[in-house]
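Nothing here was measured: the structure is a model prediction, and the numbers come from that model. Quick note: residue numbers are just sequence positions, from 1.
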Amino acid sequence: MSLAQVHYTSAAPGDEGTAGRFTAVGPGVSGALLAEIEPLVRYELPGGVPERPSDGELRSLPQAFGYFALSDGSRLVARSAPVRDTGGTGAGVRFHAHAVHLPPGVPLPGDRLPVEAWRSPHWVAVTPGGATPDPLALPPGPAAVSEGLDDFAVSRGPWLAAVLADLRRASDAEAAGPPVALVERQCADVARWLGLASVTLPRESAERLTFTTYTRRPGSSASRVVGVGPEDAGAARAAGLRVHECAGPAPAGSTEDVWATTAARVWRSRSPELFREARELPGEPFAAGPLAVTALCAGIALGPDGRAAAAGWAADRPYALDARRTGRLVEAIASPGIDDRTAAEFDAAGRLFGALEGRCPASVTAPLAAMLVTEAVRGGNGSLELPRRDAFAGPEGAEVAERLGPEILTELADTAGSRSVARTVQLLRVARLLGVDGTESLPGVVDRLAPALLTEVAGAQEGPPGFAPALLELLDEQFEVRTALLGALDRIAPQDPGAVARFLERVALPFTGTQALPHLRMCAEVPEAMATLGGDRAAVWHRVLRAAGLSPFAEPLVLRTAVGLVWGDRAPTVEEARLLLDAATSDSHRVAGTWARLVDAALSTSTAGTSATGTSATGTSATGTDEAARLAHDLLRGFPGEIGGRERAGLLLLDLVRELRTGAPEPGWAERVRTLCAQAEPVEPALRERAHAALVERLLAPDRPGAELYDFVHGADAELIAAYDRTARTEAVRTRLRTQPAYAADCFTVWTAHPHAGRAWPPVAAALLDDVLRPAVRGMSAEDVAEVEATVGRTGSSGRADAFRDWNRSSTLGRLGRRIAGRVRRG
């Protein structure tokens, strides 16, 4: 069908107030469309144009060739060109616009793309005769649009990938973003960029790419691609367009769009026919894989991203290529001359090998297999998907093994450097693939690998560590490695069972075979035991110990592992320690080293701190202290050669507390308390308080030996005397004073017997007489007071009895002190 055409001419000199007028309009173009078309076809001369240009200068002025989408769904292809004004003075410059209107769904003649019309000789610079011209056909120009594009693409090599990436985005109907501004000195070069796009992009994308090759107002253009001269690049940038200054210095950096980068390489290789070939392969329109595969098969060198895209695409579609192209692709990817491969490329190559293995002859996949294992050994890529062992059964495998075997054994035997778990696992797996015998180095390798596993898991994020899949594959592939590694971990477990248990929670090692592995089995059991039994640590301990399958008598180290798993770095309670002590002999605890945890239990239990009433500072009974003292006694007897230093002194102090409260300790109580406290330094304050409390409780008892009291008073230990003062003021002592006259008499005798015993005792004794004994005596009946006085006289002297009577009648501490001193001297 014939297409309606429109002609528009700028205003002639003297036509004031008008920009131009339509001089011819074809049928079917409404007035509303003309109002929409008029701003699209207007033309503005570049700066610096002479008022009367020569013919050469006129020909060099830019032409605006554009393709526009109109509001009713139709499209417009137009050319606006400067022409000489032949009216008036005949020397000025006007412009003439010639446009072709394309109704919705109607293409250009020959189903050509709009950009293919930019060279057509049928564009005219004058209005045809008659007010309404006959519809004219607009055949495509005599030269194909691709003519000369190769040279142009090569000349624009530095900008090629970035511009193609932006042109692709501009052609996307759903993509948002600013228009693209192409800065060129010649508008024909902008048309050539659009010609590159028409060949590179799929047809439907190229048809959506609206453009104009020249404008002075890029910010107000309705096109997705605009061409501007260098003088208007700043205006385009200020308007927020994506500007490519192709007329200036080469840009720095590169685009990350792999499809665009690959397309640029295709153009620089002068092979545009590959775009059509690539579009015949399955995949998304702008996926890099099909184009990269096509380029590699054609012998075009690509970068690592392009090669990775090709390998990944072929791995997902192993049947999409015929045998010839598959072989070419493998050769291109595995070429020995490539030295810039990345981890992503190797991963994609590994997936490709896995997809082709078994589908292609081994001679086809052998280069990939050799490349992968070489990278695994020399490149240190621990995430590679390795080939199966049968990939190296032929002569290619023997050649690779001969080349890489010594390197593998040397690195595995190296004890100086720090090697990651993933690296060690990879080397062991490659050694097996290549048939490299590492039997001699295996024990040393495993002894270094086992602790490295625990260290890397401890420093990793939550969840399975990155090396876990490869490690499990290694253990599944190599029985001798699995046996050795599990044995090494089992030997480590007693030293740090918590670390092994945490490792097994994140990496489920297979140790369900015939190996005993008692410690690993315990470490694997503890999470479920704790979840089931909760806070009952004794029950958890029994369950974990049963999981070992060995008795502590046969294998004492299971004691250490069980204690470490259940209690970690905490001390057991005294009841739990008693359970542990009774569960095995002292020899078993001595071998396992768990006796030290029992000592910790005894000493830490003693830090609860009891008062003279037998109640701790937290309100608990002194029963725990008594149990700890009995445990201390048993530990001193069971491990006499192991317990020493401050721990031994602490246990002896606890044992002395037990004797002071329940037995008959050796003489010299106060001195022993002071000595043991000094030997146990730094002694826990609560343990010191317990020892002091036990000592003063015994000294406040009516049946204490006088010699011990004398030593205590004259020892002048201010801390002990302060403990005595605190205990004497407790309610238990006050009650006994009120209800037991004999006890009151004894305390009066003691508190008045040593008035010159240093500086610490006399003020404490005087204060106790006044603050503690006086209120108790005043609350007694007359008979009880008389009994106190009589008892003081019987146990002391008549002078002391007189002193009591005077003290009881006195009202001030000063008179009391003077009378007591005088009576004592006369007595």
Side-chain angles (χ1 to χ4, degrees), residues 1-45 61-88 92-141 187 191 207 210-217 220-224 226:
M1 63 175 291
S2 298
L3 300 175
Q5 300 179 49
V6 175
H7 291 268
Y8 183 89
T9 302
S10 59
D15 293 345
E16 303 296 339
T18 62
R21 59 190 176 86
F22 288 99
T23 57
V25 178
V29 182
S30 65
L33 282 181
L34 290 177
E36 188 176 350
I37 291 171
E38 184 175 10
L40 300 179
V41 298
R42 284 178 184 161
Y43 179 90
E44 187 174 350
L45 288 169
L61 292 177
Q63 297 180 5
F65 175 74
Y67 171 59
F68 310 97
L70 303 179
S71 60
D72 65 346
S74 63
R75 291 148 299 142
L76 190 76
V77 180
R79 190 199 71 159
S80 299
V83 295
R84 190 177 301 281
D85 182 14
T86 58
V93 177
R94 303 173 67 184
F95 78 87
H96 182 88
H98 181 189
V100 178
H101 181 251
L102 304 175
V106 176
L108 282 171
D111 199 24
R112 308 303 294 266
L113 289 170
V115 71
E116 297 182 76
W118 74 279
R119 282 179 168 173
S120 173
H122 294 275
W123 295 113
V124 297
V126 295
T127 304
T132 304
D134 294 332
L136 297 177
L138 186 64
C187 64
E207 288 179 340
T210 60
F211 58 82
T212 180
T213 61
Y214 169 75
T215 180
R216 291 298 310 275
R217 304 181 185 276
S220 59
S221 174
S223 301
R224 295 297 298 159
V226 296

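The nearest pair of heavy atoms linking Pro62 to Cys187 is CA-SG, 3.8 Å. Considering every non-hydrogen atom in both Val29 and Ala4, the closest pair reads CG2-CB, 3.9 Å. Closest heavy-atom contact between Pro82 and Leu45: CB-CD2, 4.2 Å. For the pair Val226 and Ser221, the tightest heavy-atom approach, listed with the atom from each and the gap, is CG1-OG, 3.2 Å.
Remark: Arg79 engages Gln63, Phe65, Ala81, Trp123, Ala125 in a side-chain contact (heavy atoms from CB on, under 4.5 Å) (not counting sequence neighbours). Under the side-chain contact (heavy atoms from CB on, under 4.5 Å) criterion, Ala64 pairs with Tyr43, Ser80, Thr212, Tyr214, not counting sequence neighbours. Remark: Leu76 pairs with Ile37, Val41, Phe68, Leu70, Ala78, Ala99, His101 by the side-chain contact (heavy atoms from CB on, under 4.5 Å) rule, at least two apart or across chains. With sequence neighbours excluded, the residues forming a side-chain contact (heavy atoms from CB on, under 4.5 Å) with Ser220 are Arg217, listed by chain and number. Annotation: salt bridge (charged side-chain N to carboxylate O under 4.0 Å, His left out) contacts of Arg216 (sequence neighbours excluded): Asp232.
Once rounded to the nearest 0.5 Å, the distance linking CG of Leu34 with CZ of Phe22 reads 4.5 Å. Rounding to the nearest 0.5 Å places OG1 of Thr9 at 5.0 Å from NE2 of His96. Tyr8 contributes atom OH, which lies 10.0 Å from atom CZ of Arg21 (distance to the nearest 0.5 angstrom).
Formation of a donor-acceptor pair under 3.5 Å by the Tyr67 side chain with backbone atoms of Ser223 is not found in this model. In this structure, His7 contributes its side chain and Ala24 its backbone to no donor-acceptor pair below 3.5 Å. Of the possible polar contacts, none joining the Ser10 side chain to the Gly20 backbone as a donor-acceptor pair under 3.5 Å is found.
The stretch residues 31-41 participates, sequence neighbours left out, in these salt bridge (Lys or Arg N to Asp or Glu O under 4.0 Å) pairs: Glu38-Arg42.
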Does the side chain to side chain contact (heavy atoms under 4.5 Å, CB included) test come out yes or no for Leu3 and Leu108, once each step is laid out?
CA-CA 8 Å; Leu3 300 175; Leu108 282 171; 4.3 Å; yes
